[in-house]
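Inspection log for the structure reproduced underneath, given as structure tokens.
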Amino acid sequence: MKRVITFGTFDVFHIGHLHILERARQLGNYLLVGVSTDQMNFDKKGHYPVYHQNERIEIIRSLRCVDEVFFEQSLALKRHYLVEYGADILVMGDDWAGKFDEFSDICEVKYLPRTPSVSTTAIIEKIRWP
Ligand code: C2G
């Protein structure tokens, strides 16, 4: 039994989000997803996500490849979440490459290539175009 964990905001859910979750799930038998709270995003980026955290977590919970979800309140709690949820593998997109290597003492840390040419920011820009 391998427990895989990953984290993200998953705002304006798109195919890049789906693909990383599906690939993460294939690395084990159980996928846990920490969905960053609105407050955590505000503290990190200075603005709130487009979708409310309750909607973002509901979308993630409904996916076939996802077994369990929880709110990620702060980046500083990452080690606590890994221990609490008994993670064997931490998966993140390679925009985070190297950032979570410090946790390789308690689980395997894997960075998967991002899906090219899609992002929440690009989608918002496209919609905004007059
Ligand atoms: N992602 C991807 N391909 C894309 C866009 C995103 O594989 N084209 C991946 C990211 O690499 C990340 C996940 O989808 O692993 C979620 O992306 P974001 O919602 O942008 O997550 P972020 O705001 O970076 O939050 O503790 C870490 C944070 O919670 C991560």
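As the structure lists them, so they are numbered: ligands from 1, and atoms in each ligand from 1.
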Test item: protein heavy atom less than 4.0 Å from atom 20 (O) of ligand 1: no
How close does the nearest protein non-hydrogen atom get to [atom], and which residue and atom is it?
atom: atom 3 (N) of ligand 1; answer: Thr115 N, 3.1 Å
atom: atom 11 (O) of ligand 1; answer: Asp95 OD1, 2.6 Å
atom: atom 27 (C) of ligand 1; answer: Lys78 NZ, 3.5 Å
atom: atom 12 (C) of ligand 1; answer: Gly93 N, 4.2 Å
atom: atom 25 (O) of ligand 1; answer: Gly8 CA, 3.4 Å
atom: atom 1 (N) of ligand 1; answer: Arg114 NH1, 4.0 Å
atom: atom 29 (O) of ligand 1; answer: Glu72 OE1, 2.6 Å

Atom indices of ligand 1, in the order listed, that fall short of 4.0 Å to a heavy atom of Ser36: 29 (O)
Working for side chain to side chain donor-acceptor pair (under 3.5 Å), residues Gln39 and Asp43: CA-CA 6 Å; Gln39 190 60 48; Asp43 294 343; 3.0 Å; yes
Does [atom1] in [X] sit with more than 12 non-hydrogen atoms of other residues, nucleotides or ligands closer than 6.0 Å?
X: Lys110; atom1: NZ; answer: no
X: Glu102; atom1: CD; answer: yes
X: Lys44; atom1: NZ; answer: yes

For the student: nearest non-hydrogen atoms of Val91 and Thr6, plus distance: O-OG1, 2.5 Å
For Ile89 against Leu27, the heavy-atom pair lying closest together: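 Scanning both residues, the minimum pair turns out to be CD1-O, 3.5 Å.
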Ligand 1 contact by Lys45, heavy-atom criterion under 4.0 angstrom: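 It does, in that a heavy atom of Lys45 comes within the 4.0 Å cut-off of ligand 1.
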Contact with ligand 1 for His14, non-hydrogen, under 4.0 angstrom: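 Heavy atoms of His14 do come under 4.0 Å of ligand 1.
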Per-residue contact class, Leu75 against ligand 1 - non-hydrogen pairs under 4.0 Å: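 Near ligand 1, Leu75 shows its side chain, while the N, CA, C and O stay back.
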Side chain, backbone, both or neither: Thr9 near ligand 1, heavy atoms under 4.0 Å: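 Thr9 to ligand 1: contacts from backbone and side chain alike.
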State, yes or no, whether a side-chain contact exists between [X] and [Y] at a heavy-atom distance under 4.5 Å.
X: Ile20; Y: Thr115; result: no
X: Tyr51; Y: Phe10; result: no
X: Arg25; Y: Glu22; result: no

Under 3.5 Å, N or O to N or O, is [X] touching ligand 1 that way?
X: Val118; answer: yes
X: Asp94; answer: no
X: Ser119; answer: no
X: Thr6; answer: no

Heavy-atom proximity to atom 24 (O) of ligand 1, best of Phe13, Phe10, Phe7, Trp96: Trp96
Lys NZ or Arg CZ of Lys78 over Phe103 ring: under 6.0 Å, within 45°: no
Of Thr120, Thr37, Asn41, the residue whose pairing with Thr9 passes side chain to side chain donor-acceptor pair (under 3.5 Å):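 So, applying the side chain to side chain donor-acceptor pair (under 3.5 Å) to Thr9 and each of Thr120, Thr37, Asn41, only Asn41 qualifies.
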